J.: 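Would you mind keeping the following structure in view while I ask a few things?
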Amino acid sequence: MNTTNSVGDSSFDYSALNKKADGKTSAMADQQETFLKLLVKQLQSQDPMNPMDNAQMTSQIAQINTVTGIEKLNEAMTNLLSAYGSSQSMQAAALIGKQVMAPQSSFEFDPEKKLEAGVTVPSDVSQVAVAIINKDGKVVDEMSGSVKPGEFLPFEWDGSLSDGTKAEAGTYYIVAKGINGEGKEVALTVNGWQQVKSVEFAKDGVQVNLASGSKVGFDTIQQVM
């Protein structure tokens with residue numbers, strides 16, 4: 001591990017950081033100073049018989065304050081987003097080795113236990129239909145009903161078929177669809193329990209690598225066991 005730039009190491013040039021911060025402060029101060037000089041010059045050059053309107057001067061002062069405020073707000077938002085990103089990375093790293101409910105299409109069914117899955121329901125969907133399909137593409141079971149829009153819908157399948165028999169062990173696929181507020185049919189995301197193998201901190205967000213070999217976004221994780 002490289003500890004050359006650890007805290008207390010006199011070889012690290014902290015002045016570079018201070019210069020960067022001072023540069024931003026100086027730029028803001030220079031902007032304000034320039035504005036004040038122009039305002040004073042304008043006051044000195046105005047027609048005594050037709051002086052500047054108080055509202056106009058107040059407006060100009062407000063403009064420079066607005067610009068300064070926006071710069072401070074942008075800086076605060078940048079710091080907030082950076083802190084959020086770091087927090088999300090730490091939360092994702094804590095998932096390694098754990099079982100999570102994440103997007104999945106195929107499931108291994110064991111007749112000795114129930115198959116657990118879940119559907120991500122969008123905020124504009126209130127009707128959901130789920131179909132369980134075997135490896136030959138045949139629908140072996142279906143379920144449907146009303147749901148609360150925007151909630152995560154967990155469900156279990158014990159393998160019971162309509163003819164009273166039980167499904168054989170093997171690979172099954174689960175497909176879910178819903179009806180949105182416009183009355184249109186939309187595909188929904190199906191989730192299953194999977195183990196987290198590792199996480200990646202990419203530029204476009206935290207990615208979670210699952211033991212199944214698939215990769216999902218950290219924000220798609222629905223539950224943690």
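By convention here, the first residue in the shown sequence is residue 1. Keep in mind that this is a model prediction, so the values were computed, not measured.
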J.: Given side chains that start at C-beta, do those of Asp141 and Tyr172 come closer than 4.5 Å, heavy atoms only?
T.: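 Sidechains of Tyr172 and Asp141: no contact.
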J.: Is any side-chain heavy atom of Glu108 less than 4.5 Å from a side-chain heavy atom of Thr171?
T.: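 Yes. Closest side-chain heavy atoms under 4.5 Å.
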J.: Could you state whether Val208 and Met225 fall into the same hydrophobic cluster, counting links through intermediate Ile, Leu, Val, Met, Phe, Trp or Tyr residues with side-chain heavy atoms under 4.5 angstrom apart?
T.: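 No, Val208 and Met225 fall in different hydrophobic clusters.
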J.: Please determine which of Leu210, Val216, Thr220 meets the side-chain contact (heavy atoms from CB on, under 4.5 Å) test together with Val100.
T.: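 Looking at Leu210, Val216, Thr220, the match for Val100 under the side-chain contact (heavy atoms from CB on, under 4.5 Å) is Leu210.
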J.: Which atom pair, heavy atoms only, marks the closest approach of Gly192 to Phe107?
T.: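 Distance-wise, the nearest heavy atoms are CA-CE2, 3.6 Å.
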J.: Flag yes if more than 12 heavy atoms outside Lys114 fall under 6.0 Å of its NZ atom; otherwise flag no.
T.: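 Open.
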J.: For Glu168, does the CD atom have more than 12 heavy-atom neighbours from other residues, nucleotides or ligands under 6.0 Å away?
T.: no
J.: Might you point out which heavy atoms bring Asn180 and Val125 nearest each other, and give the distance in Å?
T.: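 The pair with the smallest heavy-atom distance is CA-CG2, 4.0 Å.
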J.: Is it true that, when you exclude Glu112 itself, more than 12 heavy atoms of the residues, nucleotides or ligands shown sit nearer than 6.0 Å to its CD?
T.: no
J.: Does one hydrophobic cluster hold both Val121 and Ile132, with members joined at side-chain heavy-atom distances below 4.5 Å?
T.: yes
J.: Please state whether the rings of Trp157 and Phe109 are parallel, tilted or perpendicular, taking 30° and 60° as the class boundaries.
T.: tilted
J.: Is it the case that one hydrophobic cluster holds both Phe155 and Trp193, taking links as side-chain heavy atoms less than 4.5 Å apart, direct or via other members?
T.: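 Different clusters: Phe155 never reaches Trp193 through Ile, Leu, Val, Met, Phe, Trp or Tyr contacts under 4.5 Å.
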